[in-house]
K.L.:
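A single structure is presented below for examination.
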Number of protein chains: 2
Amino acid sequence: MDYIGRLTAHLPTAVRLVMVKADGSVSIHADDRAYKPLNWMSPPCRVEESPGVWRVVNKVGEELRITLDEVIHDSSHDLGVDPGLRKDGVEAHLQELLAADPTVLGEAFTLVRREYPTAIGPVDLLCRDANGRSVAIEVKRRGEIDGVEQLTRYLELLGRDPLLAPVKGVFAAQEIKPQARVLAEDRGIRCVVLDYNTLRGVVKDELTLF
Amino acid sequence: MDYIGRLTAHLPTAVRLVMVKADGSVSIHADDRAYKPLNWMSPPCRVEESPGVWRVVNKVGEELRITLDEVIHDSSHDLGVDPGLRKDGVEAHLQELLAADPTVLGEAFTLVRREYPTAIGPVDLLCRDANGRSVAIEVKRRGEIDGVEQLTRYLELLGRDPLLAPVKGVFAAQEIKPQARVLAEDRGIRCVVLDYNTLRGVVKDELTLF
DNA sequence: CTATAAATGTCGGAG
DNA sequence: CTCCGACGTTTATAG
């Protein structure tokens, strides 16, 4: 197998699994590496078959050349359309739960707006604390340095608005990496670790109470 | 199929491909989505088989529950050990090429060190310009905001070293996103777009000359 | 379509 | 093992 595209790669002869999907994608698997193939071509692409050689090419000129020495097993099946996958528990949901009750962040916050717009993008949550001061909250599933930098940029921008300034920052995530915590705290940003299940329970209980 | 782990997901009954690899990983594919499965469990994990139900669990308690209504096709093959994949053209190689001749960045730079160590990690390249001033160079394949933030942190740290200060910054990548460029230039960091093939040719020619 | 942020990211390397 | 950055990231979403 040879790939010539964004990089150049070569794969020696061996027994492998080749998967061709209805969307046109081709992937070549070894018996390890979880679900990731050794090499692949994403759709849209086209397969040119000649005896013992497959050339898989896409629009931008990337190419996968597969040489077939021996076919050990060949099987084809029609899977039909897929009913689709339902997911739950991602950042959007965390944000929803915090918006429903910002006090779970440990202070008497009241929500001003979710997705509060700024010139460089929306802040997850904008709140006011007990003293009426602005608080910008960045929500992440996993809190890493990127998220702290993102919140820092928002805080800088929001701090220029005389109607909001001064603006405090809160970095809330299910998990906060040590480096991110150090950076955040160095910048005066408070870190809050969220437990999704507890949070869901607490907010649900509260909504049930009223 | 149901997944209970970092998130919760449910997949209705349909015809699908289930792939079980020697490393223990399990993945469930629809006939689209390139090579990414609808659901999966990465190794290390364990499969408990009972009639019509597979429970795939890992150490941290994540679980994949697969209900089998009908087996349309079942096939198992020993692929043996994999000879492995050779790659070329990634960031490491760009860094090598720039280290071999930093002047391709457009100034009379001389290399001080590759992977110059700092408290928060190594700088890709540290050079001196024609006037002996320090230049920190961050190399990326794709230049995005993250990379600018990373270089900014390095510049701040290196700038505290009286033997190096003041330190200029250069952000070099095969492609620089508009936001990243704006942020970099706002911080006085020069941006250089690299062409990998040209660069390879130029550096090779120069090495051949001497 | 481009640009940006999220991802059960995955993967590899260093400590 | 954890942390950290690259990735042919891929994927979804907003503009």
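Letters A, B, ... are given to chains in the order of the sequence lines, protein chains preceding strands, and every chain is numbered from 1. Just so it is clear, the values below take in all heavy atoms, side chains as well, and ignore hydrogens, waters and symmetry mates. The structure presented is a predicted model; accordingly, all values stated were derived computationally and were not measured.
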K.L.:
Counting only N and O atoms by type, is there a donor-acceptor contact under 3.5 Å from the side chain of B/Lys21 to the main-chain atoms of A/Ala34?
P.N.:
yes
K.L.:
Look at B/Asp82 together with A/Arg16 and state whether they make a salt bridge at an N to O cut-off of under 4.0 Å.
P.N.:
yes
K.L.:
Using a heavy-atom cut-off of under 4.0 Å over every strand shown, decide if A/Met41 touches base, sugar-phosphate, or nothing.
P.N.:
base
K.L.:
Quick one: ring-ring contact (aromatic ring centres under 6.0 Å, His included) pairs with a partner in residues 10-29 of chain B, sequence neighbours left out?
P.N.:
none
K.L.:
Reckon A/Tyr3 touches a base, only the sugar-phosphate, or nothing at all at heavy-atom distances under 4.0 Å?
P.N.:
base
K.L.:
Can you tell which of C/dT10, D/dG8, D/dT11 lies closest to the side chain of A/Asn39?
P.N.:
D/dG8
K.L.:
Tell me whether the rings of A/Trp40 and B/Tyr35 are parallel (<30°), tilted (30 to 60°) or perpendicular (>60°).
P.N.:
perpendicular
K.L.:
Using modelled atom types only, decide if a donor and an acceptor are shared between the side chain of B/Thr8 and the backbone of B/Ile4 within a distance under 3.5 Å.
P.N.:
no
K.L.:
Using atom names, set out every protein N or O paired with an N or O of nucleotides 3-6 of chain C below 3.5 Å, distance rounded to 0.1 Å.
P.N.:
| unit_1 | atom_1 | unit_2 | atom_2 | d |
| --- | --- | --- | --- | --- |
| C/dT4 | OP1 | B/Gln179 | OE1 | 3.4 |
| C/dT4 | OP1 | B/Gln179 | NE2 | 3.1 |
| C/dA6 | OP1 | A/Glu91 | OE1 | 2.9 |
| C/dA6 | OP1 | A/Lys140 | NZ | 2.8 |
| C/dA6 | OP2 | A/Lys140 | NZ | 2.9 |

K.L.:
Does D/dT10 have OP1 or OP2 sitting under 4.0 Å from an N or O in the side chain of A/Arg6?
P.N.:
yes
K.L.:
Taking all non-hydrogen atoms of both residues into account, name the closest pair between B/Glu115 and B/Arg113 and its distance.
P.N.:
O-NH2, 3.7 Å
K.L.:
Under 4.0 Å, counting only non-hydrogen atoms across every strand here, what does A/Asp146 touch: a base, just sugar-phosphate, or nothing?
P.N.:
nothing
K.L.:
Do the side-chain N or O atoms of B/Lys36 get closer than 4.0 angstrom to the phosphate oxygens (OP1, OP2) of D/dT11?
P.N.:
no
